[in-house]
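Each chain gets a letter, A, B and so on, in the order its sequence line appears, and its residues count up from 1. Quick note: numbers below take in every heavy atom, side chains included, and nothing from hydrogens, waters or symmetry partners.
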2 protein chains.
Amino acid sequence: MTARAAATDVMGPPIGVNQRTQAQRFSAFKDALRERSLKSTSQRDDIARVFFANKRHISVEELYREVKQVNPGVGYATVYRTVRLLRECGLAAERHFHDGEARFENVEHEHHHDHLICERCGRIVEFANEGIERLQEQVAHKLGFVITRHKMEIYGVCPECRSGRVPRTASRRARDSSQT
Amino acid sequence: MTARAAATDVMGPPIGVNQRTQAQRFSAFKDALRERSLKSTSQRDDIARVFFANKRHISVEELYREVKQVNPGVGYATVYRTVRLLRECGLAAERHFHDGEARFENVEHEHHHDHLICERCGRIVEFANEGIERLQEQVAHKLGFVITRHKMEIYGVCPECRSGRVPRTASRRARDSSQT
DNA sequence: GCTATGTTGATAATGATTCTCATTTTCGTA
DNA sequence: TACGAAAATGAGAATCATTATCAACATAGC
């Protein structure tokens, strides 16, 4: 069950290798701005910093609220714009789970992964599984398709919710993910 | 490569066994109305008939336009309401692919399946794969989750688009699916 | 410091979907 | 077959997440 034995390891290789620190991601962001001749502003910096400091899978509204505490003048539109920027820089990944609003994932490593979502408490757990990826390739190949990307979400009930003790309240914080 | 050899058959069992005819689905719809003490109206009948006659994966707007040709008085809201009804009766399945609007799938059989979507022409192909399902179960189990449902979409380029000859124009008809 | 150019915040606009409500239909019953 | 309660309809308003608009305002290079 080491990271080596990926073929039979349902969890896949551990997520977390080759991570970039918050500071590294922040300076990658600044570099990206410079490269594109975009300007550095306090709003952008604050939004990016809050985003990088936050845990995974944050919605725009959540991010907006957190940024407000640091820099109350920031507008909604600017959060949207900056989040789009982060996406374009490869520092954020957009996800659409089954509840309307988009969530942005903090990209701190390069590993592809999918999601397991608790329908009770909203917790999001990430996983990677090479076997599934391989079968997807096979299916696509048989049908003559060349895969560009895929999306897989498993919905269910997490161990905490099943055991009766609700792990966190249904507040927006509850929707944050834990990492595998 | 028979329907039996599901474990190694990437396509899974053929979709199409135990199908219901259009007429059967229509009368199932009427039955469902009666069961719920809902009333039969010409609008509902027309919308349902058009929906059942149409091929798989139609959007509300497409359905609205087709219904208009049969019964020009029907309003947008009624199409939404009826489609919701069909969903509740298990005769339509709602899908959200990566283009904003929801599509409704004509449920004519009971087999679970996933989707392969061409990013060029929008074609949607269905497939089923037991191996993937099994691995999903394993992953969820390892993480202590009990699965309630899942969603898997593979995006890529279909054989026709890759071969250069565009199979259909980019019209809304192009988004209709072919069956495997 | 100055200026061209990019950025911001407030708000209007958008697109998909749902709600509201006055009017019309349906259907069990008399 | 006509009645009337209850449900359904259509038109448009409302909603929700997101994007566009635009005048006022910063930023970065000179």
Side-chain angles (χ1 to χ4, degrees), chain A residues 29-51 57-65 67-89 92-104 172 175, chain B residues 29-51 57-65 67-89 92-104 172 175:
Chain A
F29 175 61
K30 303 290 268 188
D31 289 347
L33 291 181
R34 234 169 280 123
E35 268 175 38
R36 292 152 204 244
S37 324
L38 299 176
K39 290 172 178 169
S40 273
T41 67
S42 64
Q43 291 89 326
R44 279 178 176 162
D45 288 359
D46 290 336
I47 295 168
R49 244 192 299 268
V50 170
F51 179 74
H57 306 118
I58 196 168
S59 72
V60 172
E61 206 204 321
E62 285 160 18
L63 183 54
Y64 171 72
R65 275 206 275 265
V67 169
K68 274 277 181 183
Q69 291 174 233
V70 171
N71 185 340
V74 174
Y76 223 107
T78 301
V79 177
Y80 266 99
R81 286 188 278 237
T82 305
V83 143
R84 191 197 312 169
L85 239 175
L86 288 164
R87 174 172 19 95
E88 286 165 5
C89 300
E94 189 170 355
R95 306 282 180 194
H96 289 90
F97 300 123
H98 244 340
D99 62 347
E101 70 189 336
R103 277 169 193 285
F104 288 84
R172 68 186 50 75
R175 317 220 135 229
Chain B
F29 176 61
K30 301 290 267 189
D31 289 347
L33 290 182
R34 234 169 280 124
E35 268 175 37
R36 291 153 205 243
S37 326
L38 299 177
K39 290 172 179 168
S40 272
T41 67
S42 64
Q43 291 89 327
R44 278 180 176 162
D45 288 0
D46 290 337
I47 295 168
R49 244 192 299 270
V50 169
F51 179 74
H57 306 119
I58 197 168
S59 72
V60 173
E61 206 204 322
E62 285 161 17
L63 183 54
Y64 172 71
R65 275 206 275 265
V67 169
K68 274 277 181 183
Q69 292 174 231
V70 172
N71 185 339
V74 173
Y76 223 107
T78 301
V79 176
Y80 266 100
R81 286 188 277 237
T82 304
V83 143
R84 191 197 312 169
L85 238 175
L86 288 163
R87 175 172 19 94
E88 287 166 4
C89 300
E94 189 169 354
R95 308 281 180 194
H96 288 91
F97 300 122
H98 246 340
D99 62 348
E101 70 189 336
R103 275 168 194 285
F104 288 84
R172 66 187 50 75
R175 314 219 138 230

Do any side-chain nitrogens or oxygens of Gln43(A) fall under 4.0 Å of OP1 or OP2 in dG9(C)? yes

So, is Thr41(A) near the phosphate of dT27(D), with a side-chain N or O under 4.0 Å from OP1 or OP2? no

In whole angstrom, what separates [X]'s [atom1] from [N]'s [atom2]?
X        : N       : atom1 : atom2 : result
Asp45(B) : dT25(C) : CG    : C1'   : 13 Å
Lys39(B) : dT23(C) : NZ    : C1'   : 14 Å
Tyr76(B) : dA11(D) : OH    : P     : 14 Å
Tyr80(A) : dA10(C) : OH    : P     : 16 Å
Glu62(B) : dT17(C) : CD    : P     : 11 Å
Arg34(A) : dT7(C)  : CZ    : P     : 14 Å
Leu85(B) : dT18(C) : CG    : P     : 13 Å
Arg44(A) : dG9(C)  : CZ    : P     : 11 Å

Checklist entry - Given side chains that start at C-beta, do those of Leu38(A) and Leu85(A) come closer than 4.5 Å, heavy atoms only? => result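 Yes, side chains in contact.
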
- Would you say Leu86(B) and Phe51(B) make side-chain contact, with heavy atoms under 4.5 Å? yes

By nearest-heavy-atom nucleotide on DNA chain D, the more 5' of Leu33(B) and Ala77(B) is Leu33(B)

Result for 5'-nearest mapping on DNA chain D, choosing between Gly75(B) and Ser37(B), is Ser37(B)

Please report the closest heavy-atom contact between Ala102(B) and Glu94(B), naming both atoms and the distance.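 Residues Ala102(B) and Glu94(B), closest heavy atoms: CB-OE2, 3.8 Å.
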
TODO: Using a heavy-atom cut-off of under 4.0 Å over every strand shown, decide if Ser42(B) touches base, sugar-phosphate, or nothing.
DONE: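 Nothing: the residue Ser42(B), judged by heavy atoms under 4.0 Å, touches no strand.
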
Lys/Arg N to Asp/Glu carboxylate O, Arg65(B) vs Glu61(B), below 4.0 Å =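 Glu61(B) and Arg65(B): salt-bridged.
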
- request: Identify which nucleotide among dG6(C), dA20(D), dT8(C) has an atom closest to any side-chain atom of Leu38(A), counting heavy atoms from C-beta outward.
  value: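 The answer is dG6(C).
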
*With distance as the sole test, does Arg44(B) use its side chain to make a donor-acceptor pair with the main-chain N or O of Lys39(B) at under 3.5 Å?*
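Confirmed, Arg44(B) side chain pairs with Lys39(B) backbone.
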
| Nearest-nucleotide comparison on DNA chain C, the residue closer to the 5′ end among Arg81(B) and Ala102(B) |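 The answer here is Ala102(B).
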
